[in-house]
Every structure is written in C-alpha cells, then in structure tokens.
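Below is one structure, written out as structure tokens, with a few remarks after it.
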Amino acid sequence: MNLIQTPFGFADTAAEVAAGIDLTGRRAVVTGASSGLGVETARALAATGAEVTLAVRDTAAGERAAKDIADSTGRTAPHVAPLDLTDPASITAFTASWRGPLHILVNNAGVMACPERYTPQGWEWQFATNHLGHFALAAGLHAALAADGTARIVVVSSSGHQLSPVVFDDVNFAFRPYDPWLAYGQSKTANVLFAVEATRRWAGDGITANALMPGAIHTNLQRHTGGRGSGTVPPELIKTPAQGAATSVLLATSPLLADVGGRYFVDCQETETVDRRGEAPRLHGVARYALDLAGAERLWDLSLAATEGAA
C-alpha cells in the first residue's frame with residue numbers, strides 16, 4: 001500500500017491547506033474548539049463556508065472563540081454547544097439534540113499526562129477523555145454522519161502513542177503503578193485504533209476516519225506538564241497552533257483524502273509504520289500495534305460495552 005503524499009508539509013498552516021476549498025452547505029463539529037488547535041481547526045473550516053459547531057466544556061470560552069472566528073473570517077459565527085467528554089449524560093444530550101446530516105467530525109479535545117484520576121464509572125481519565133468520550137460521541141452521531149454518504153472523522157492522536165499500546169488486561173491501571181505518560185500513550189494508541197475500526201465498520205455508510213499527529217505545539221493541552229509537553233522536543237520542531245491544525249484540516253477537507261480511511265498522518269503526509277521508536281524521524285511513524293486489525297476490533301467491543309447505557 002502506497003503512502004499518501006500531499007503538497008503540504010511541516011510549516012503550512014490550516015488556512016493554507018484549506019485555501020480554495022468550498023464547504024458551503026457542509027456541517028462540521030470540532031471538539032475542544034475554544035482554544036489551541038481546536039479553534040484554529042474551526043477557523044479554517046469556517047473560512048471554507050462550512051457550518052461549524054464548537055463542542056466545548058466552557059461555553060463562555062466557546063462564545064468568545066466563535067466571535068473571534070467570525071471576526072477573522074467574515075463568516076457566520078460558529079454555533080457553540082456544551083460537551084463534557086467524561087460525562088456520558090453530556091454526550092447523550094449533545095448527540096440527541098443534533099438534527100440533520102453531519103459531514104465532518106473532528107475529535108480534537110484531549111488531556112495530556114494528567115495526575116491519576118478516574119471517572120465515576122471507574123475509567124482512567126485520559127482513556128475516558130481522549131478515547132471513550134469521542135467513541136461515544138461518534139457512535140451517537142453515526143446516523144447523522146451516514147446521512148450524506150461522504151462524511152469524515154478526524155482523530156487527533158500523537159506520536160505519544162509510541163509510549164504504550166492499549167493494555168487490554170489493565171486499561172485502568174488496577175495492577176500497574178499509574179504513570180501519566182503511559183496512560184497518555186495508551187489513550188493516543190486508542191485514537192488510532194478507533195480510526196482503523198470506524199473505517200472498517202462504517203465505510204459502507206460512506207464514513208471514513210483517519211488519525212494524525214499535529215506536531216509539538218504549546219497549548220493548554222500541556223497544562224499538567226508545565227506548558228511545554230514532554231520538554232524534550234527541540235525548538236526547530238515546535239509549531240504554531242495554526243501550523244498544528246493543518247493536518248486536521250487536510251484530513252477534513254482535501255479531495256486527496258476522499259474515500260481514504262484507517263490511516264495515520266504527520267505534517268500533512270501519511271507516515272511510515274514502525275516496529276520500534278527511533279525507526280522514523282522525530283515525531284513521525286505509527287506503531288504497528290496502533291494499526292492492528294484485531295486490536296482495533298477488540299477496542300471497539302470494549303468501548304461499546306463501556307459506553308452503552310452509561311448515561
């Protein structure tokens with residue numbers, strides 16, 4: 001299978017990737033879109049004429065972001081809707097209130113390397129936020145995504161997935177000592193596996209899903225790590241939020257990605273599969289276990305059991 005290559009790369013911005021794209025009449029949801037990568041992704045989608053909904057925990061911050069997007073693009077302000085990915089009732093309320101088709105779902109919100117914490121249902125916080133909440137959201141919006149027949153799901157993962165596979169026998173660290181980076185890595189692997197399995201199950205409905213590494217960007221995601229992520233990425237590999245959002249926007253809008261799913265991208269290019277860290281350039285490469293079909297199916301079953309009737 002040939003890797004997909006595009007004209008864009010490390011330094012391109014979301015606006016540059018979206019230039020010339022007309023999404024008038026298309027509808028998009030971006031989670032975590034009140035700041036950072038989310039707001040820049042939403043801005044670029046709004047600039048194409050798409051009707052964008054910002055799905056956010058803090059609706060006041062969301063309203064400020066929506067106004068900023070409208071002011072900067074000259075387009076209609078995005079809608080703002082409350083969504084807490086760790087609260088099953090909030091997810092159900094969001095999906096139940098949706099009306100009509102949905103063409104683009106960007107699973108952008110996330111948490112990184114947070115202190116040990118669990119949801120009331122007993123799920124580790126990063127796995128619940130980064131994966132389970134987005135799984136429930138996509139499942140709840142499945143009919144809306146299937147309505148048009150050409151929907152795309154964009155899943156923001158990370159090169160951090162190379163820190164850990166999904167440890168199915170101990171997802172919630174019942175036996176392993178909790179490690180915030182291993183938990184983060186596990187959740188980011190789950191993001192890629194979701195894209196693989198969602199495409200396998202839903203391609204017949206015209207739904208495809210792809211995952212991506214946005215790059216190293218200083219945003220609120222790093223609030224638990226002193227604002228600088230792992231602190232090990234050299235300055236020349238740090239992106240601006242607008243550059244970091246470029247790959248998300250590419251996967252959401254580019255004609256080059258029509259009918260393409262179950263793949264993983266970095267710097268607007270599909271990246272190589274690796275069997276150990278260091279086989280690909282820094283921040284590149286997708287671990288083979290993150291594309292494993294059996295693992296993707298097992299994670300789907302686990303996620304379905306975890307979220308069915310949770311509200």
Side-chain angles (χ1 to χ4, degrees), residues 3-19 30-45 106-113 126 130 134 152-164 181 184-185 187-192 195 209-254 256-257 263-274 277-287 290-291:
L3 299 180
I4 293 173
Q5 302 296 299
T6 81
F8 304 103
F10 173 92
D12 290 298
T13 67
E16 291 166 341
V17 167
V30 183
T31 67
S34 60
S35 66
L37 299 183
V39 72
E40 295 306 326
T41 300
R43 190 190 313 279
L45 293 176
V106 183
N107 292 342
N108 168 82
V111 62
M112 172 191 279
Q126 296 186 77
N130 298 344
H134 281 124
R152 300 186 188 189
I153 302 174
V154 178
V155 188
V156 179
S157 181
S158 168
S159 62
H161 82 273
Q162 296 178 17
L163 295 171
S164 177
W181 285 107
Y184 179 68
S187 73
K188 295 287 104 177
T189 293
N191 289 155
V192 187
N210 288 290
L212 68 118
M213 161 61 171
I217 308 102
H218 296 155
T219 69
N220 289 340
L221 179 67
Q222 288 88 27
R223 59 188 175 275
H224 297 296
T225 65
R228 289 295 182 269
S230 66
T232 64
V233 178
E236 64 271 19
L237 293 183
I238 303 297
K239 294 184 180 184
T240 67
Q243 290 172 325
T247 306
S248 291
V249 173
L250 177 91
L251 299 185
T253 67
S254 175
L256 296 172
L257 275 298
R263 304 198 189 193
Y264 179 91
F265 292 75
V266 183
D267 294 343
C268 296
Q269 311 291 331
E270 186 179 5
T271 193
E272 59 265 55
T273 302
V274 298
R277 280 184 286 121
E279 284 186 352
R282 187 71 181 271
L283 306 183
H284 284 246
V286 57
L291 300 176

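No experiment lies behind these values; they were computed from the predicted model shown.
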Test your reading of the model: is there a side-chain donor-acceptor pair from [X] to the backbone of [Y], 3.5 Å cut-off?
{"X": "Asn130", "Y": "Val111", "result": "yes"}
{"X": "Gln162", "Y": "Val274", "result": "no"}
{"X": "Glu272", "Y": "Gly285", "result": "no"}
{"X": "Thr253", "Y": "Val249", "result": "yes"}
{"X": "Thr247", "Y": "Cys268", "result": "yes"}
{"X": "Thr189", "Y": "Ala290", "result": "no"}

If you compare all heavy atoms of [X] against all heavy atoms of [Y], which two are closest, and at what distance to 0.1 Å?
{"X": "Met112", "Y": "Trp181", "answer": "SD-CH2, 3.7 Å"}
{"X": "Ser157", "Y": "Lys188", "answer": "OG-O, 2.8 Å"}
{"X": "Val39", "Y": "Ser34", "answer": "CB-C, 4.2 Å"}
{"X": "Ala44", "Y": "Ala15", "answer": "CB-N, 4.3 Å"}
{"X": "Ala252", "Y": "Leu45", "answer": "CB-CD2, 4.2 Å"}
{"X": "Thr41", "Y": "Ser248", "answer": "OG1-CB, 4.0 Å"}

- Task: Check step by step if side-chain contact (heavy atoms from CB on, under 4.5 Å) holds for Val233 and Arg282.
- Result: CA-CA 9 Å; Val233 178; Arg282 187 71 181 271; 4.1 Å; yes
Point-to-point distance, once rounded to the nearest 0.5 Å, from [atom1] of [X] to [atom2] of [Y]:
{"X": "Arg263", "Y": "Leu257", "atom1": "CZ", "atom2": "CG", "result": "9.0 Å"}
{"X": "Asp12", "Y": "Thr6", "atom1": "CG", "atom2": "OG1", "result": "8.0 Å"}
{"X": "Ile153", "Y": "Leu251", "atom1": "CD1", "atom2": "CG", "result": "12.0 Å"}
{"X": "Thr13", "Y": "Glu40", "atom1": "OG1", "atom2": "CD", "result": "9.0 Å"}
{"X": "Leu237", "Y": "Phe10", "atom1": "CG", "atom2": "CZ", "result": "5.5 Å"}
{"X": "Leu283", "Y": "Met213", "atom1": "CG", "atom2": "CE", "result": "4.5 Å"}

Measuring only between side-chain heavy atoms, which start at C-beta, is [X] closer than 4.5 Å to [Y]?
{"X": "Pro7", "Y": "Glu16", "value": "no"}
{"X": "His161", "Y": "Val286", "value": "yes"}
{"X": "Gln269", "Y": "Leu3", "value": "no"}
{"X": "Val156", "Y": "Asn107", "value": "no"}
{"X": "Asn191", "Y": "Ser158", "value": "no"}

- Give a yes-or-no answer on whether the side chains of His284 and Asp267 include a donor-acceptor pair shorter than 3.5 Å.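 Yes, a side-chain donor-acceptor pair sits under 3.5 Å.
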